[in-house]
Novice: 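Please read through the structure below; I'll follow up with questions.
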Amino acid sequence: MIRKKVIAGNWKMNKTAADGVTLTNDIVEAVGRDPSVDIVLCPPYTALESVGRALEGQSVKLGAQNMHPEKNGAYTGEVSAEMLRALFVTHVILGHSERRLYFGETDAFINKKVLASLANQLKPIFCVGESLAERESGSTLAVVQRQVEGGLLGVTKEQITTVIIAYEPVWAIGTGKVATTEQAQEVHAYIRDLLTKLYGAPLAQKVRILYGGSMKPANAPELLAQKDIDGGLIGGAALEAKSFIELVRAAAAAK
Ligand code: 13P
């Protein structure tokens, strides 16, 4: 079963609209026509429209970093699926550990967002991952199971293959401490087993599971060669055209 690799850049709270367009143009020029990798750029809300314009007619996709589950209403500071769709956004990162940690997002709230994104034809990049304390206490798989099952509650067989899952061990995010390929592959395989139990093997084999956490051009080839690692959700290395382009090329070269 061949799953097309995905390289998604999570710019987090970085880049003005103008800087984002420059970065986007450099990426599109270098790898925008590579049909072997799905590329997704996730700028902050304030750069979505400008980056979206720079991506017009290109195959590189536009993603948001978050979304509120409600359609509209009194939710100061929030943005809905419909608003994102109007900017030609196709993907949305949901349940990122920084949202869970700093903004108190729970599995139940993230689940509402996943369902709302799917109902609005947005592809969720649904993030899971354990903290350092959880890994050290041996509860990694239990935590990931709770997050996967909680986040996907009510997602149907028809919908599951449009979900992209990102495994991001919290202790590896922005720390330069990448998970070993064995650590990453173990959790990815476990997530695929969970999906197999929930949706059956044929569908589980189609779901892309990305690794995130200090992925860089130097460590990407080994990670991307693992059986159940289908791409990367990139933070720091997505902020420079050179490193992001190298990551796309590493994904294109991975078998
Ligand atoms: P870094 O690549 O900076 O570790 O960030 C990973 C991440 O959180 C992507 O969502």
Side-chain angles (χ1 to χ4, degrees), residues 5-15 19-20 23 27 37-45 47-48 51 60-67 84 89-103 105 110 113-114 117 122-132 134-135 140 143-144 147-148 151 163-181 183-184 187-188 191 208-224 226 229-251:
K5 294 266 194 297
V6 181
I7 294 291
N10 176 8
W11 297 0
K12 308 192 180 183
M13 197 171 71
N14 295 288
K15 306 284 177 193
D19 292 343
L23 175 58
I27 292 167
V37 180
D38 284 336
I39 304 170
V40 188
L41 303 182
C42 306
Y45 289 140
L48 278 176
V51 169
V60 175
K61 299 282 191 274
L62 183 64
Q65 298 175 17
N66 182 30
M67 184 199 88
L84 296 178
V89 168
T90 53
H91 292 66
V92 58
I93 298 171
L94 297 175
H96 192 280
S97 62
E98 288 149 16
R99 302 285 329 164
R100 294 177 189 261
L101 188 64
Y102 305 137
F103 303 96
E105 294 197 7
I110 295 160
K113 297 183 188 212
V114 169
S117 68
L122 287 171
K123 296 182 174 69
I125 301 176
F126 163 52
C127 304
V128 299
E130 82 288 3
S131 67
L132 183 59
E134 288 163 341
R135 174 157 288 267
T140 296
V143 167
V144 167
Q147 292 174 338
V148 168
V163 176
I164 296 171
I165 296 179
Y167 168 58
E168 300 204 316
V170 178
W171 48 272
I173 296 178
T175 57
K177 231 193 252 175
V178 68
T180 66
T181 48
Q183 284 172 327
V187 180
H188 281 240
I191 293 171
R208 273 95 56 93
I209 307 174
L210 316 185
Y211 171 80
S214 299
M215 199 191 244
K216 303 270 182 299
N219 57 36
E222 205 183 319
L223 286 161
L224 293 168
Q226 301 303 305
I229 301 185
D230 306 312
L233 180 55
I234 320 296
L239 299 176
E240 300 283 341
K242 186 173 175 289
S243 46
F244 190 75
I245 290 162
E246 282 178 39
L247 287 166
V248 173
R249 292 196 171 129

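Start at 1 and go down the list; that is how both ligands and their atoms are numbered.
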Novice: Please report the closest heavy-atom contact between L48 and L62, naming both atoms and the distance.
Specialist: O-CD2, 3.6 Å
Novice: Considering non-hydrogen atoms of the protein only, which is the closest contact for atom 3 (O) of ligand 1, and what is the distance?
Specialist: G236 N, 2.8 Å
Novice: Taking all atoms of both residues into account, what is the closest heavy-atom pair of L233 and A166, and its distance?
Specialist: CD2-CB, 3.8 Å
Novice: Could you say whether the N/O atoms of E168 and ligand 1 ever approach to under 3.5 Å?
Specialist: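 Between E168 and ligand 1, an N or O pair is found under 3.5 Å apart.
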Novice: Report yes if some N/O of G213 lies less than 3.5 Å from some N/O of ligand 1; otherwise report no.
Specialist: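 No: no nitrogen or oxygen of G213 is under 3.5 Å from one in ligand 1.
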Novice: Do ligand 1 and N10 have nitrogen or oxygen atoms that lie under 3.5 Å from each other?
Specialist: yes
Novice: Relative to the heavy atoms of G174, which atoms of ligand 1 are at a distance of less than 4.0 Å?
Specialist: 1 (P), 3 (O), 4 (O)
Novice: With a 4.0 Å cut-off on heavy atoms, is A8 in contact with ligand 1?
Specialist: no
Novice: Indicate yes or no: does an N/O atom of K216 lie under 3.5 Å from an N/O atom of ligand 1?
Specialist: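 No - when backbone and side-chain N and O of K216 are compared with those of ligand 1, no distance drops under 3.5 Å.
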Novice: Give a yes or no answer on whether the side chain of S214 reaches the backbone of A172 with a donor-acceptor pair at less than 3.5 Å.
Specialist: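 Flag set: sc S214 to bb A172 pair under 3.5 Å.
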Novice: At under 4.0 Å between heavy atoms, which part of I173 makes contact with ligand 1: side chain, backbone, both or neither?
Specialist: both
Novice: Can a non-hydrogen atom of A237 be found less than 4.0 Å from any atom of ligand 1?
Specialist: no
Novice: Got a donor-acceptor contact below 3.5 angstrom from the Q65 side chain to the K12 backbone?
Specialist: yes
Novice: Return yes if some donor-acceptor pair links the side-chain N/O of D230 with the main-chain N/O of I209 below 3.5 Å, else return no.
Specialist: yes
Novice: Verify, without hydrogens or angle tests, whether Y211 (side chain) and A179 (backbone) share a donor-acceptor contact under 3.5 angstrom.
Specialist: yes
Novice: Verify the neighbour count for atom CD of E105: are there more than 12 heavy atoms of other residues, nucleotides or ligands below 6.0 Å?
Specialist: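 Above 12, so yes.
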Novice: What is the minimum heavy-atom distance between A184 and L223, and which atoms define it?
Specialist: CB-CD2, 4.0 Å
Novice: Which of the numbered atoms in ligand 1 are below 4.0 angstrom from a heavy atom of A172?
Specialist: 4 (O)
Novice: Closest non-hydrogen protein atom to atom 2 (O) of ligand 1, residue and atom name please, with distance?
Specialist: G235 N, 2.9 Å
